[in-house]
2 protein chains.
Amino acid sequence: MMLETVAQNRSFGGTQGVYRHASETTGTEMTFSVFVPDHRKGTGLPVVWYLSGLTCTHANVTEKGEYRRACAELGLIFVAPDTSPRGEGVPDDRVGAYDFGLGAGFYVDATEAPFSANYRMWSYLTRELPEVVLGHFPVNPERQSIMGHSMGGHGALTIALSNSETYRSVSAFSPIVAPSRVPWGRKALAGYLGDDETVWRAHDAVALIEDGARVAEILVDQGDADQFLTEQLRPSLLAEACANARIPLSLRLQPGYDHSYYFISTFMADHLHWHSRRLL
Amino acid sequence: MMLETVAQNRSFGGTQGVYRHASETTGTEMTFSVFVPDHRKGTGLPVVWYLSGLTCTHANVTEKGEYRRACAELGLIFVAPDTSPRGEGVPDDRVGAYDFGLGAGFYVDATEAPFSANYRMWSYLTRELPEVVLGHFPVNPERQSIMGHSMGGHGALTIALSNSETYRSVSAFSPIVAPSRVPWGRKALAGYLGDDETVWRAHDAVALIEDGARVAEILVDQGDADQFLTEQLRPSLLAEACANARIPLSLRLQPGYDHSYYFISTFMADHLHWHSRRLL
């Protein structure tokens with residue numbers, strides 16, 4: 001389990017690193033970033049996993065997310081993985097669309113050819129990458145939380161709902177909550193998992209809740225000027241599912257905010273404080 | 001004086017905008033960003049001008065500078081101009097080097113052909129852009145401060161030293177303090193201003209101070225792991241000049257920090273609080 005250090009920069013009294021490793025799961029090299037605040041030797045710190053949205057790599061949130069000040073204050077490690085496998089030979093959307101293939105792994109293990117060989121982000125994020133991170137960084141495995149943006153909000157919600165013993169808390173910015181019922185999600189789930197919609201339910205937060213999956217609570221921030229709000233995101237579907245399942249959902253509609261990192265960075269510290277209180 | 005709005009995003013309870021205008025000074029279109037925190041109608045807010053370093057546009061600090069939270073808290077407008085004229089017909093370094101020409105205007109009015117037609121960043125920043133900004137944004141012209149990074153630290157220091165009636169305070173991250181005496185500066189000043197080094201002195205902070213220019217005080221943060229520290233930046237030259245001139249200089253050597261925005265963002269809020277106290 002070799003880990004290559006791509007870059008390390010001192011920032012906010014900690015180390016912002018970018019790392020690369022050969023992934024057995026995806027059959028490619030995978031790059032991710034980790035912020036480690038300064039800490040006492042031998043301590044295991046809580047960790048927040050951040051899953052990014054369509055078109056992103058680890059770099060978007062690392063450069064624009066404004067998470068380091070809060071992580072340094074709270075003593076949180078912050079991990080930002082990539083959104084898909086990449087590299088020569090990794091199949092992409094057939095016309096290179098932004099919403100499928102490279103940069104759009106949708107946090108599933110693909111079963112459809114030609115994607116099934118590499119597009120295994122579910123296993124990568126729930127098994128291989130946690131092992132790599134726990135093996136190389138001072139993380140306390142009992143104190144993990146997960147969050148994400150848009151497609152990454154979908155990833156965070158579905159992973160937390162399916163692994164509630166692993167993640168103490170889950171939050172999202174403008175998440176895709178019901179991919180089976182919106183264009184981005186239907187294209188991705190059909191492309192990666194095939195046409196049988198019953199197998200999609202394991203990768204649809206609303207369907208998972210309808211089918212009995214539970215988390216203690218959920219925090220969601222959503223801009224009301226988000227161009228994707230009504231067609232792709234539809235947070236009311238999550239609100240309805242949570243209400244029926246009695247999952248406490250704090251869904252905060254933020255007036256004037258859009259889908260960008262200008263929105264995410266504004267509420268990032270809020271989310272980190274919220275997770276930190278649940279990671280004590 | 002037409003101003004085109006390129007983008008506006010709600011962020012940290014304010015508006016982050018990007019704007020474009022046809023500059024008479026440079027003969028090109030110029031793009032800049034402005035953050036305006038929410039405020040009472042009719043108020044004139046204090047403004048901080050931020051000048052960027054080599055290769056940058058307005059976008060680098062706008063995306064990575066992490067200034068909005070502090071500006072919103074303190075009620076500061078933040079303006080980030082470009083670092084050179086750009087566009088078809090604007091001459092560049094003859095081999096396209098990063099340290100001269102496009103992205104490297106060095107905040108002077110060039111007198112040498114072919115640069116003298118467009119490379120007039122001194123006049124642009126001290127005359128035309130302030131007029132544009134004061135005409136379109138709720139700025140109190142009596143409450144202006146200036147700061148910058150690297151080449152932009154050079155710009156901030158020389159502009160403040162030459163216009164101490166306009167700027168209440170000046171600070172810099174890893175500034176070029178004595179361009180006449182370092183490779184980046186010597187190349188730029190010769191290229192834009194010609195070989196007579198006596199005319200360079202008006203664009204060299206250390207020389208300006210030696211020649212009698214004064215500001216009330218200066219704040220500088222400098223990473224001690226900055227790869228440009230000893231050859232290009234040489235902050236000790238500024239320390240010596242300030243000591244001789246009895247200008248209070250707070251030169252903070254930050255252990256482990258480099259030349260990047262991971263460094264700048266760490267200390268940005270400190271600088272904004274420092275300026276804000278001087279803008280009361």
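Chain letters run A, B, ... following the sequence lines, proteins first, then strands; residues in each count from 1.
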Answer with side chain, backbone, both or neither: which region of A/Thr62 has an atom nearer than 4.5 Å to a non-hydrogen atom of chain B?
both
Is it the backbone or the side chain of B/Ser265 that comes under 4.5 Å from a heavy atom of chain A, or both, or neither?
both
Which region of A/Asn9, side chain (C-beta onward) or backbone (N, CA, C, O), has a non-hydrogen atom less than 4.5 Å from a non-hydrogen atom of chain B, or is it both or neither?
both
Pairwise distance CZ(B/Arg10) to CD(A/Gln254) - rounded to 0.5 angstrom:
10.0 Å
Taking atom CD of B/Glu63 and atom CG of A/Asn60, what is their separation to the nearest 0.5 Å?
9.5 Å
Rounded distance (nearest 0.5 Å) linking atom CZ of B/Phe263 with atom CZ of A/Phe12:
11.5 Å
Tell me if a side-chain donor or acceptor on A/Tyr262 pairs with a main-chain N or O of B/Thr15 at a distance below 3.5 Å.
no
Interatomic distance, CD@A/Glu66 vs CE@B/Met268, rounded to 0.5 Å, equals 10.0 Å
Part of A/Gln16 lying under 4.5 Å from any heavy atom of chain B
side chain
Counting heavy-atom pairs closer than 4.5 Å to chain B, which one of A/Thr266, A/Ile264, A/Asp258 comes out on top?
A/Thr266
Do B/Ser11 and A/Tyr261 come close enough that some side-chain heavy atom pair is under 4.5 Å?
no
